[in-house]
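This report concerns only the one structure given below.
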Amino acid sequence: MGRTGNVGVGRPWIVVLALVALLAPAIAWAQDLTVVSTVTANGRQVQKTDYIGATATRTGMGDGSEIILRLDQKKMYLLRPAQKTYSEMTFDELQAMAAKATAAIEKLPPEAAEQMKKMMGAMGAGEVAVTHVGPGEPVAGYATERYHVVLGTMMEGDIWAAPELTLPPMFYDAMKAATPVNPILDMKKLFDEYKKVKGMPLKTVTQSKMMGQSMTSTTLATSVDRKPIPPSTFEVPAGFKLVPMAAK
């Protein structure tokens, strides 16, 4: 046992994956971790549990759904426990979905297409960087180091990471592979910057701006359990029905 430690994330999936990576980055070393956190955003507070294994993670999305990332299968599963349904998509299919969405912009009337490109370009414009600030506050009983994160004009925030809970650079390479290519809003370069973070993030505070709206979100780990996680945690539960990814 270790020492003690998203409010709803919207679509499209490039945003889902980016925020999963931002708010709950973790995975792929010899020791399993179960991290319980409190997420506060726009006056609403929820609790989530992240299960982190050697080749997979399972993360609550705050709206009742959960995402399983299987790096060994190069596949993502979206679970909807209330409906007992699930959807699945390979990393290659995610790339194809993003390409299709980008192509759809080209089919808009010229003026609308140009406005969309400007909006998305503005979101992704500017610096993408992770900077080490210095020692951070203790979180869930662990000493932390603080990092400042900038993602263009779309997002800015701070991470408190515990060096004792190490994360290998290969995790961020895997997340980079899972993130769809988008020539207008490139999220992949963020994961190269994340390699500067030493250890498991236990607290994040982010300010995001999208579609003219802003949101501040705080994720704070309250407990960290180092006991082995049953492999079934990273499987689709029995009795769940496969439905298309767009289904509710």
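What you see below is based on every heavy atom in this structure, not just the backbone, and it leaves out hydrogens, waters and symmetry mates.
Taking OG1 from Thr40 and CG from Leu220, the interatomic distance works out to 8.0 Å, rounded to the nearest 0.5 Å. One finds the OG1 atom of Thr57 at 12.0 Å from the CG atom of Leu33 (value rounded to the nearest 0.5 Å). How far CG of Leu151 is from CD of Glu156: 10.0 Å, rounded to the nearest 0.5 Å.
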Cut-off 3.5 Å, no hydrogens considered: what does the side-chain donor-acceptor table look like for residues 233-240, sequence neighbours left out?
from, atom 1, to, atom 2, distance (Å)
Thr233, OG1, Pro230, O, 3.0
Glu235, OE2, Arg70, NH1, 3.3

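Both Ile67 and Met89 are assigned to one and the same hydrophobic cluster, defined by single-linkage of ILVMFWY side chains at heavy-atom distances under 4.5 Å. Cluster annotation: Val150 and Val133 are assigned to distinct hydrophobic clusters (Ile/Leu/Val/Met/Phe/Trp/Tyr, side-chain heavy-atom contacts under 4.5 Å, transitive). Hydrophobic clustering (ILVMFWY, side-chain heavy atoms < 4.5 Å, transitive): Leu165 and Tyr51 are in distinct clusters. Linking ILVMFWY side-chain heavy atoms closer than 4.5 Å, directly or via other members, places Leu69 and Leu78 in a single hydrophobic cluster. Both Met155 and Tyr194 are assigned to one and the same hydrophobic cluster, defined by single-linkage of ILVMFWY side chains at heavy-atom distances under 4.5 Å.
Side chains of Ile159 and His148 form no contact here, defined as non-hydrogen atoms less than 4.5 Å apart. Side-chain contact between Thr218 and Thr204 is absent, with no heavy-atom pair separated by less than 4.5 Å. Residues Phe91 and Leu71 form a side-chain contact, since some pair of their non-hydrogen atoms from C-beta on lies under 4.5 Å apart. Counting heavy atoms from C-beta on, the side chains of Arg146 and Lys203 never come closer than 4.5 Å. Using a 4.5 Å heavy-atom threshold, the side chains of Trp160 and Val205 count as touching. With a 4.5 Å cut-off on side-chain heavy atoms, Val149 and Glu193 do not count as touching.
Considering every non-hydrogen atom in both Val35 and Ala221, the closest pair reads CG1-CB, 3.9 Å. Across all their heavy atoms, Pro135 and Glu145 have their closest contact at N-OE1, 3.4 Å. Residues Pro244 and Ser87 approach most closely at O-OG, 3.0 Å, considering heavy atoms. Residues Tyr86 and Arg80 share a closest heavy-atom pair of C-NH1, 3.9 Å. Nearest heavy atoms, Asp50 versus Gly60: OD1-N, 4.0 Å. The two residues Gly64 and Pro81 come nearest to each other via the heavy atoms O-CD, 3.2 Å.
Ion pair Lys227/Asp32 not flagged as a salt bridge, since none of the NZ, NE, NH1 or NH2 atoms sits closer than 4.0 Å to an Asp/Glu carboxylate oxygen.
Judged as a salt bridge (Lys or Arg N to Asp or Glu O under 4.0 Å), and not counting sequence neighbours, Lys74 has no contacts. Shown here are the salt bridge (Lys or Arg N to Asp or Glu O under 4.0 Å) partners of Glu66, two or more places apart in sequence or in another chain: Arg58.
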Query - Test log, rule salt bridge (Lys or Arg N to Asp or Glu O under 4.0 Å), inputs Lys75 and Glu88 - result: CA-CA 7 Å; Lys75 187 178 287 189; Glu88 63 181 42; 3.7 Å; yes
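Of the possible polar contacts, one joining the Thr144 side chain to the Glu137 backbone as a donor-acceptor pair under 3.5 Å is found. The main-chain N or O of Val36 is found under 3.5 Å from a side-chain atom of Thr222 such that the two form a donor-acceptor pair.
Side chain to side chain, Thr216 and Gln207 fail the donor-acceptor criterion of an N or O pair below 3.5 Å.
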